[in-house]
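Step one of this worksheet: look at the structure below.
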Amino acid sequence: VEITAGNEGMIYRFDRHRRLKLFKRSAFDESGDVTIYYPTNSRDDRLTNVKAQVFAPDGTSVELKGKEIFDEKVAEGLSAKKISFPNLQEGSVIEFAYTLESGSYFELPEWYFQEGIPVRWSEYQMHIPLWYNYVFINQGRECDIRETTNSSTTLMIPYTGSSSTGASVTRRAPEQVDIKHYRLVQKDIPALTEEAYMTTLKDYRARIRAQLSTVAFPSQPIQPVLSTWEKLAKELVDHERFGNQYLKKRFTKQLMEDLQPILAKASNNTEKAFAVYQYLARTMEWNEDYGFIASENLNTVYERKKGHSGELNMLLLAALQELEITSYPMLISTRNHGKMFELYPILDQFNHLLVYAEVEGKPLIMDIGSPHRPMGLPRASALNYFGWVVVPERPQWLELPAPLFRSDVHHLEASVSLDGALTGSFTNRCEGYNAMAERERLSADASGAHLRKAFQEDLPDIKMDSLQFENVKDPSQSLVERFKFELPGAAQVNDDLIYLSTGVYKFLEENPFKKEVRTFAVDIPYPIREQYLFNLMLPEGYEVDALPEAITLNLPEKGGRFQVAVSQSERNGMRYAHVNYKLQIDQLHFEPEEYAGLRNFFSLILEKQEEQIVLRKKLQ
């Protein structure tokens, strides 16, 4: 990529050359069709010099042309060039190259050295006039080759002036320019693929970004380009589609009128905030898009009863501000959008708006988008550690604490017969994110068919009846699920002994950490609480011969704990065996060197939940 002179001003020219070998047929669909997106906003935006060829395994090659390379308009100001490689075989090599020119040189194309497939060689060169000072943001492994050199050249720089008739004209004049050359190379880069508990792959892949910071033309003072957080906050508050939307009462007049009957019942700010939140959560629909700049006026969004994530939360913010409840927009990047950089005021690192409020002295994060999510519980995708609060004159980064919210208590009350059948009742009480997901499933099918299906996939012979649900409509309460069941052949009966696995219900289906080695961090979105109580009524004439071992497993630095407690009891003349499993995860970020211990922790849990209760027939 080089900064050079274009038709109307300075541009970047990005020359890309890519070569791939396809070892398996499964790669054909993913790599055999290439789409190159490019802007078309000015005469300086264009894609040229597109070339492509495919090599057969025997070394013969075919150059693509005509219908195999074609154009497609994607949206206003955005087009695409598509390349379709024909006659691919296992062992084929595809190769393509193109030149992209754009006047948007304030941010250069970011370069990923690492991909989801192994990379033999990845090289990125930048040729930048010393007039331009870029901030480079590096991520991931170090480069194998890093070189910088300097040279000098002459560019025909376009200047805009006036003709004798007063019309605007562009002239060119030669300028001697000092150039700094960067050469960055990484080689033999391992593939990086999706694994459990990640934010987004681009947070971990080796890459480099370049953002223009200052410009210093000859004989001119340094001109800052990269803003400050204070300046950016002021610009946003004054922006027609941002601050003006939630600060101008004319954009939420109908909303406030509709809220009056509900607000009349509220006696304090907590009740008012709750009333507004509940009303918007139930009446507004999220269109599945993220954003923080309103695409339309808020009154139009409210009238349509649908909008992107930022528009919905702007409505909430506007209502809170009219009620004189201290509240501000908090900009974040969702987990799949990537990490944020507090050092540089780069606006496009954000893609979502939350509401930060202080209600009767208590901080509260609110996020409209689902009728099943309680107030104070942001969507799980928003839990990305920090957020930038847009307070005029004093914007600030605040920690976005993950709510203590995945809490499940599974209670299995059962008896075992002498033919090995298990009968009893199952109760599941859940809160937070799991409860929200379950409520969404129940809103699609109130019969709970998904629950029957889930149990029958693991236990094909189970018979379930009397399925009941409590607090389905009220996300502020625990969701409760109950049913009765019969499971033939659950226990193994052998002479005077009965063997029964405590893992009839598996609260942990599998180890989420499958790979032996992980080179990047584990990011769990929120703390986890999981409890499984198994109460077994013994058949008459039997006693406990063995129970699972009671243990406590701890992660270092109080990062998590797993406990197994066992006991026996007697009531109403019947004897019971009790096994109580408790899983608690408090640490949310684990460095790669902590991975082996975390993986082993979950492996031990899987082993423990398979342990057996052994019953022995009493001697006469």
Would you call the rings of Phe455 and Phe426 parallel, tilted or perpendicular, where under 30° means parallel and over 60° means perpendicular? perpendicular
Examine the side chains of Ser84 and Asp33 and answer whether a donor and an acceptor come within less than 3.5 Å of each other. yes
Does any non-hydrogen side-chain atom of Thr502 lie less than 4.5 Å from one of Leu500? no
Is Glu360 reaching over with its side chain to a backbone N or O of Thr270, donor-acceptor style, under 3.5 angstrom? yes
With no hydrogens and no angle check, just 3.5 Å: does a side-chain donor-acceptor pair link His352 and Ser309? yes
Give me the atom names and distance for the closest heavy-atom approach of Ala319 to Leu255. CB-CD2, 4.3 Å
For Tyr576, is the NZ or CZ atom of Arg571 found under 6.0 angstrom from the centre of its six-membered ring and inside 45 degrees of the ring axis? yes
Is there a donor-acceptor contact under 3.5 Å from the side chain of Asp461 to the main chain of Pro488? no
For Leu598 and Val522, what are the C-alpha separation, side-chain angles and deciding distance, and is it a side chain to side chain contact (heavy atoms under 4.5 Å, CB included)? CA-CA 9 Å; Leu598 182 64; Val522 172; 4.0 Å; yes
May I ask you to check if Lys305 and Tyr302 form a cation-pi contact, with NZ or CZ under 6.0 angstrom from the six-membered ring centre and within 45° of the axis? yes
Among Ile613, Val493, Leu615, Thr423, which residue meets the side chain to side chain contact (heavy atoms under 4.5 Å, CB included) test with Val416? Leu615
Just by distance, no angles: are the side chains of Asn428 and Glu481 close enough, under 3.5 Å, to form a donor-acceptor pair? yes
Under 3.5 Å, side chain of Gln477 to main-chain N/O of Asp474, donor-acceptor pair present? no
Min side-chain heavy-atom separation Met198-Phe520 under 4.5 Å: yes
Heavy-atom side-chain contact between Glu543 and Arg575 under 4.5 Å: no
Do Phe483 and Asp465 come close enough that some side-chain heavy atom pair is under 4.5 Å? no
For the residue pair Thr334 and Asn351, confirm or rule out a side-chain donor-acceptor distance under 3.5 Å. yes
Which heavy atom in Pro548 sits nearest to a heavy atom in Glu611, and how many Å separate them? CB-OE1, 3.2 Å
Looking at Glu303, I'd like to know if its CD atom is crowded, meaning that more than 12 non-hydrogen atoms belonging to other residues, nucleotides or ligands lie closer than 6.0 Å. no
Answer whether the closest heavy-atom distance between the side chains of Lys484 and Met464 falls below 4.5 Å. no
Please evaluate residues Arg441 and Glu438 with respect to the criterion side chain to side chain contact (heavy atoms under 4.5 Å, CB included), reporting the C-alpha separation (whole Å), side-chain torsions for both, the decisive distance (0.1 Å), and the verdict. CA-CA 5 Å; Arg441 287 187 282 265; Glu438 189 68 358; 2.9 Å; yes
Is it true that the side chains of Ser569 and His578 contain a donor and an acceptor less than 3.5 Å apart? yes
Regarding Thr199 and Tyr204, do their side chains bring together a donor and an acceptor under 3.5 Å, going by distance alone? yes
Without hydrogens or angle criteria, can the side chains of Asn580 and Gln531 be said to hold a donor-acceptor pair below 3.5 Å? yes
Taking atom types as modelled and ignoring hydrogens, do the side chains of Thr193 and Lys515 form a donor-acceptor contact shorter than 3.5 angstrom? yes
Determine yes or no for a side-chain-to-main-chain donor-acceptor pair under 3.5 angstrom, with Thr283 supplying the side chain and Tyr279 the backbone. yes
Verify the distance criterion only: is there a donor paired with an acceptor across the side chains of Glu591 and His589 at less than 3.5 Å? yes
Check whether any side-chain heavy atom of Leu400 sits under 4.5 Å from a side-chain heavy atom of Tyr385, and report yes or no. no
Scanning both residues in full, the closest heavy-atom pair of Arg439 with Asn471 reads NH2-O, 2.8 Å
Is Arg207 close to Arg205 at the side-chain level, that is, under 4.5 Å between some pair of heavy atoms? no
Between Phe602 and Phe513, is the gap from one ring center to the other below 6.0 Å? yes
Under 30°, 30 to 60°, or over 60°: which ring-plane class applies to Tyr505 and Tyr532, parallel, tilted or perpendicular? perpendicular
Beyond-backbone contact of Met330 with Leu398, side-chain heavy atoms, under 4.5 angstrom: yes
Looking at Arg373 and Tyr433, would you say the former's side chain and the latter's main chain have a donor-acceptor pair under 3.5 Å? no
Start with the C-alpha distance between Gln584 and Glu530, add both sets of side-chain angles, then the distance that settles side-chain hydrogen bond (donor to acceptor under 3.5 Å, both in side chains), and finish with yes or no. CA-CA 7 Å; Gln584 177 176 331; Glu530 196 99 25; over 6 Å; no
